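Below is one structure, written out as structure tokens; comments come after it.
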Amino acid sequence: MSDFRQRVYELTRQIPEGKVATYGQLAKLAGRVKAARAVGVFMRTNPDAPHTPCHRVVSFNGKLTGYSGRGGILQKREMLISEGVKFLGDRVNLQESLWVTQQQ
DNA sequence: AAAATGACGGTGT
DNA sequence: TACACCGCCATTT
């Protein structure tokens with residue numbers, strides 16, 4: 001596994017409960033601002049699902065674009081809600097629940 | 001080595 | 001709000 005991919009997973013594990021990160025945000029923190037698309041692939045082929053909270057990753061506008069788990073996007077939304085993430089209709093309230101770090 | 005593939009991000013209409 | 005495109009990138013064929 002490449003270093004970049006490794007970093008993305010480490011970052012994902014740092015997302016606190018009740019917060020979410022965007023694909024582009026993880027790409028940036030991992031050192032590749034424009035690799036958001038690739039990050040999506042990393043989440044999809046997430047090797048250790050329980051250990052790495054890939055459900056806390058959504059697209060830049062707060063929409064849930066996918067989830068390879070059993071219940072798909074629906075389950076993903078419920079997981080987030082049960083963790084305290086706030087929603088505005090079918091999208092996440094990023095203003096309230098976006099994960100903010102010192103770096104960026 | 002070249003082409004195809006997405007859980008993206010952004011712009012235009 | 002909803003599409004259609006386009007540029008990007010790591011991986012896989």
Side-chain angles (χ1 to χ4, degrees):
Chain A
M1 180 183 305
S2 67
D3 288 5
F4 176 60
R5 187 167 182 170
Q6 190 70 54
R7 281 198 298 276
V8 171
Y9 285 138
E10 290 177 5
L11 253 21
T12 304
R13 285 183 223 112
Q14 291 174 33
I15 304 175
E17 198 175 295
K19 293 286 183 181
V20 300
T22 69
Y23 300 95
Q25 182 180 10
L26 291 181
K28 180 179 180 182
L29 292 175
R32 303 284 178 68
V33 200
K34 316 173 206 175
R37 198 163 192 173
V39 172
V41 178
F42 297 162
M43 295 301 107
R44 192 167 79 82
T45 62
N46 180 6
D48 46 357
H51 183 36
T52 305
C54 58
H55 63 277
R56 299 195 188 133
V57 184
V58 303
S59 56
F60 79 108
N61 57 2
K63 258 202 161 186
L64 278 54
T65 54
Y67 187 59
S68 52
R70 212 157 82 89
I73 295 178
L74 297 177
Q75 182 183 345
K76 180 173 177 179
R77 176 159 67 224
E78 294 182 13
M79 294 178 74
L80 292 175
I81 290 180
S82 71
E83 291 185 353
V85 175
K86 299 182 180 179
F87 276 72
L88 293 176
D90 65 333
R91 45 173 83 186
V92 175
N93 181 344
L94 293 180
Q95 182 132 280
E96 274 283 342
S97 310
L98 180 63
W99 178 41
V100 262
T101 68
Q102 296 302 314
Q103 26 184 343
Q104 312 253 1

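Values in this document were obtained by computation on a predicted structure and should not be read as measured data. Numbers restart at 1 for each chain; the letters A, B, ... are given by sequence-line order, proteins then strands.
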Side-chain N or O of [X] versus OP1/OP2 of [N]: is the shortest distance under 4.0 Å?
X      : N       : value
R32(A) : dA10(C) : yes
T45(A) : dT11(C) : no
T65(A) : dC8(B)  : yes

Quickly work out the [X] [atom1] to [N] [atom2] distance and round it to whole Å.
X      : N       : atom1 : atom2 : answer
Q25(A) : dG10(B) : CD    : P     : 12 Å
M1(A)  : dT12(C) : CE    : C1'   : 15 Å
D3(A)  : dA10(C) : CG    : C1'   : 13 Å
I73(A) : dC8(B)  : CD1   : C1'   : 14 Å
K28(A) : dG10(B) : NZ    : C1'   : 16 Å
K63(A) : dG6(B)  : NZ    : P     : 20 Å
Q6(A)  : dT11(C) : CD    : P     : 11 Å
M43(A) : dA10(C) : CE    : P     : 14 Å

Query raised in the report: Does the side chain to side chain donor-acceptor pair (under 3.5 Å) test come out yes or no for R7(A) and T12(A), once each step is laid out?
Result: CA-CA 9 Å; R7(A) 281 198 298 276; T12(A) 304; over 6 Å; no
Counting heavy atoms from C-beta on, name the nucleotide in [options] closest to the side chain of [X].
X      : options                  : answer
F42(A) : dA10(C), dG6(B), dG9(B)  : dA10(C)
S2(A)  : dA10(C), dC9(C), dG7(C)  : dA10(C)
F60(A) : dG10(B), dA10(C), dC8(C) : dG10(B)
A36(A) : dA10(C), dC8(B), dT11(C) : dC8(B)

Query raised in the report: Just by distance, with hydrogens left out, do S82(A) and R77(A) show a side-chain donor and acceptor under 3.5 Å apart?
Result: no
Query raised in the report: Between E83(A) and K19(A), is the closest basic N to carboxylate O distance under 4.0 Å?
Result: no
Report task. Indicate if V85(A) and I81(A) have the same hydrophobic cluster label, given that clusters are the connected sets of ILVMFWY residues with side-chain heavy-atom separations under 4.5 angstrom. Result -> yes
Report task. Record whether the side chain of R37(A) comes under 3.5 Å of the base of dG7(C) through a donor-acceptor pair of N or O atoms. Result -> yes
**Report entry** Side-chain heavy atoms of Y23(A) within contact of V57(A), under 4.5 Å
**Finding:** yes
Report task. Specify the residue among V41(A) and N61(A) whose closest nucleotide of DNA chain B lies further upstream toward the 5′ end. Result -> V41(A)
